[in-house]
Amino acid sequence: MSNEQFTPQAAFTLAELEARFPPRDLPADARVTRFGPSPTGSMHIGGLYTSLVSRRAAHQSGGVFYLRIEDTDKKREVEGTVELILDSLATYGLSPDEGEIADGKDVGAYGPYRQSERVPIYQSCVRWLLEHGHAYPCFASAEELQVLRDEQAKHKVPPGYWGSWAIWRDKTQADVDAALAAGKPFVIRLRSAGGRDERVTLPDTIRESIEFPANQTDVVLLKADGVPTYHLAHVVDDHFMRTTDVIRGNEWLASYPMHAEMFKLFGWEPPRFAHISPIEKNDGSSRRKLSKRSDPEASVCWYMEAGYPRDAVTEYLLNLIDGRFEDWRLANPGVSNEQFQIEIERMNRAGALFDLAKLDSVSRDVVGAMTAKEIFDAALIWGSDHAADFATRFGADPAYSQAILDIERHGERPRKDIVRWEQLPADIGYFFDDTYAALLPEAQAAFAALQPAPPEGMLAAIAAAYDPALNRDAWLEWLRELGLGYGYAPNVKAFKVAPDEFRGHFGDLAGALRVVLAARRNTPDLCEVMQVLGKDRVVARLNAAAAW
RNA sequence: GGCCUGUUCGUCCAGUGGUUAGGACGCGGCCCUUUCACGGCUGAAACACGGGUUCGAAUCCCGUACGGGUCACCA
């Protein structure tokens, strides 16, 4: 037998790899973390969550956050996913420091950062394992493995390729040569040294210490196509890429003993581990992980399309990482959330339930704290990706659009009516003449249904006397005065005292103006809306409505 | 089923032996008010269950129940 046949792409000794990927030149307590998505079609919100934790952990300690594409399964790979992942990370401010940054371009000295391009490295490590008797080829077919499992089920024995069930573990050289000569496909398996009663403990950063029975399974290291499984790739990459903290979903907890055994066999110091609980959702009486198939909100695309601002998603996720973020935010208004220090150790062990209402609330506050310019910029980017018509209109006159957004946005208590950019086209459509025109039928119907109906001549009178230079108090005084002449009580109190003496109250008058000017009953402060619309539009719309 | 793990208001979190169990979202009420969005005040709402240990347990120990994860040539 020659190991060349099993690992044809092996090209390095372990010592050469050590030299090529030396320990990083970083302070002792700097954390090196990574995000390792597999490009299977979409980016899960859980990936964003994990990335946020990882990136913050790295940056808070002066370390590095890198991206590694785990594309070892060609069957499941979906074209274009890497771009999607990059775009998702960038949109939410989580771009990696190292790894594939854009269009196949790598940054960093520990690459390549796609596992499919690291096969020589993996095979080199596997060859070392073969040479030291820690691995062996296995020619078992899928059918044979199935028979094995059935037998194990019948004997109520733990399933898997282990101990005496590992049929190729101790085959003779002659058997191996015969299989090879017959052209049978093979995989390379770990020769596990685990004994029945041995235990391994995982010093998990979040859960403190977890004890498992030691690994006994002869896991597949190299698949029949010569590409590694996750297990081998994880151990090799996190060692040679010098990861200090593996932050991953807790679905990996159970495979830790395998990984631990490999680190030990190689003689490598394992990194620290933090297994974080997934974001879940209620499903009937129980809860389950958010799933890409049935939950649209599981996919990061959903948030991008809806136009949730970057910091809204960040701060909501920060809330899940550490509930004290909320208190910190209250105590530090206006401070960038980058300043908030997360503590992995404190993360909740139970899975958090995704709460859209809470996200919306966080988002309202985040947008409330943004300036009109910031909103304009973010919404325009969103629009150009997801709502071209809107983007054209909205971007045509930046000063006008920003004036719209600035309504009631100054002062101590800014408006909080925007949750996501998606709502903008409908919310501010009436400011633009073409979309306002499209709303006219609705406006006329609402106008006709107005109770009390506005009296003859009032709209024209308002149009004639309107002075946009009036500040809010003066404007109110003017309009109250004018309304009184047409039978509108200046306030609700006065109206309630003598309802028979009035046609309605000031609120009714303002409501009528809203229907005419905005084609809707709810708008921000009317005085500001009219100022932003400008005298020409206001007068034109009022006079047109006088004929309805 | 084996192994691992989790369980404080509906939800997210505080709470690490002595608290009227706190905050936030959501929900209800009141106030403010040119509508809406805010803002203020206020209400309902939780320690899964059972045993211990202790003067005293949400907090420590044991068990039970109910969840979740994992047992692939997927990650």
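Proteins come first, then strands; the chains are lettered A, B, ... in the order of their sequence lines, and each starts at number 1.
Nucleic acid contact for A:Thr523: base, since at least one base atom lies under 4.0 Å from a heavy atom of the residue. Heavy atoms of A:Asp417 sit under 4.0 angstrom from primed sugar atoms or phosphate atoms, though from no base atom. At a threshold of 4.0 angstrom between heavy atoms, the contacts of A:Arg324 are confined to the sugar-phosphate backbone, with no base atom among them. Counting any heavy atom pair closer than 4.0 Å across all strands shown, A:Asn348 reaches sugar-phosphate atoms only and no base atom. Residue A:Ala140 is in base contact, counting any heavy-atom pair closer than 4.0 Å across all strands shown.
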Do A:Arg324 and A:Asp327 pass the salt bridge (charged side-chain N to carboxylate O under 4.0 Å, His left out) test, and can you show the C-alpha distance, the side-chain angles, and the key distance before you say yes or no? CA-CA 5 Å; A:Arg324 294 172 314 168; A:Asp327 296 332; over 6 Å; no
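Comparing atom distances between the A:Leu145 side chain and each of B:C73, B:G6, B:U34 picks out B:C73 as nearest. The A:Thr229 side chain lies nearest to B:C73 when the options are B:C73, B:G23, B:G10. For A:Arg364, the side-chain atoms get nearest to B:G26 when compared with the rest of B:A14, B:G26, B:A24. For A:Glu251, whose side chain is taken as the heavy atoms from C-beta onward, the closest listed nucleotide among B:C25, B:G69, B:G23 is B:G69. You'll find that the side chain of A:Arg76 is closest to B:A75, out of B:C73, B:U5, B:A75. The side chain of A:Asp525 lies closest to B:U34 when the candidates are B:A14, B:U34, B:C74. Taking the side chain of A:Arg413 as heavy atoms from C-beta on, and the options B:C25, B:C38, B:U34, the nearest nucleotide is B:C38. For A:Leu353, taking side-chain heavy atoms from C-beta onward, the closest of the listed nucleotides B:C38, B:C12, B:U34 is B:C12. Each of B:C38, B:A75, B:C4 was ranked by its minimum atom distance to the side chain of A:Trp252; first place goes to B:A75. The side chain of A:Phe212 lies closest to B:C4, out of B:C4, B:A37, B:C25.
The CG-P distance, from A:Leu202 to B:C3, rounds to 18 Å in whole Å. Rounded to a whole Å, the OH atom of A:Tyr230 is 12 Å from the P atom of B:C71.
Relative to the six-membered ring of A:Tyr161, A:Arg189 meets both conditions, a distance below 6.0 Å and an angle of at most 45° to the axis.
Nucleotides B:C71 and B:G23 have their P atoms positioned 43 Å apart, rounded to a whole Å.
A side-chain contact (heavy atoms from CB on, under 4.5 Å) with A:Arg34 holds for exactly one of A:Leu67, A:Thr50, A:Asp238, A:Asp237; it is A:Asp238.
Under the 4.0 Å criterion applied to side-chain N and carboxylate O atoms, A:Asp406 and A:Arg409 are not assigned as salt-bridge partners.
Side-chain nitrogen and oxygen atoms of A:Arg520 include none within less than 4.0 Å of the OP1 or OP2 phosphate oxygen of B:U35. One finds a side-chain N or O of A:Lys223 lying less than 4.0 angstrom from the OP1 or OP2 phosphate oxygen of B:A75.
Put simply, the side chain of A:Arg521 and the base of B:U35 share no donor and acceptor less than 3.5 Å apart. For a distance-only test at 3.5 Å, the side chain of A:Arg349 fails to qualify as a donor-acceptor partner of the base of B:U5.
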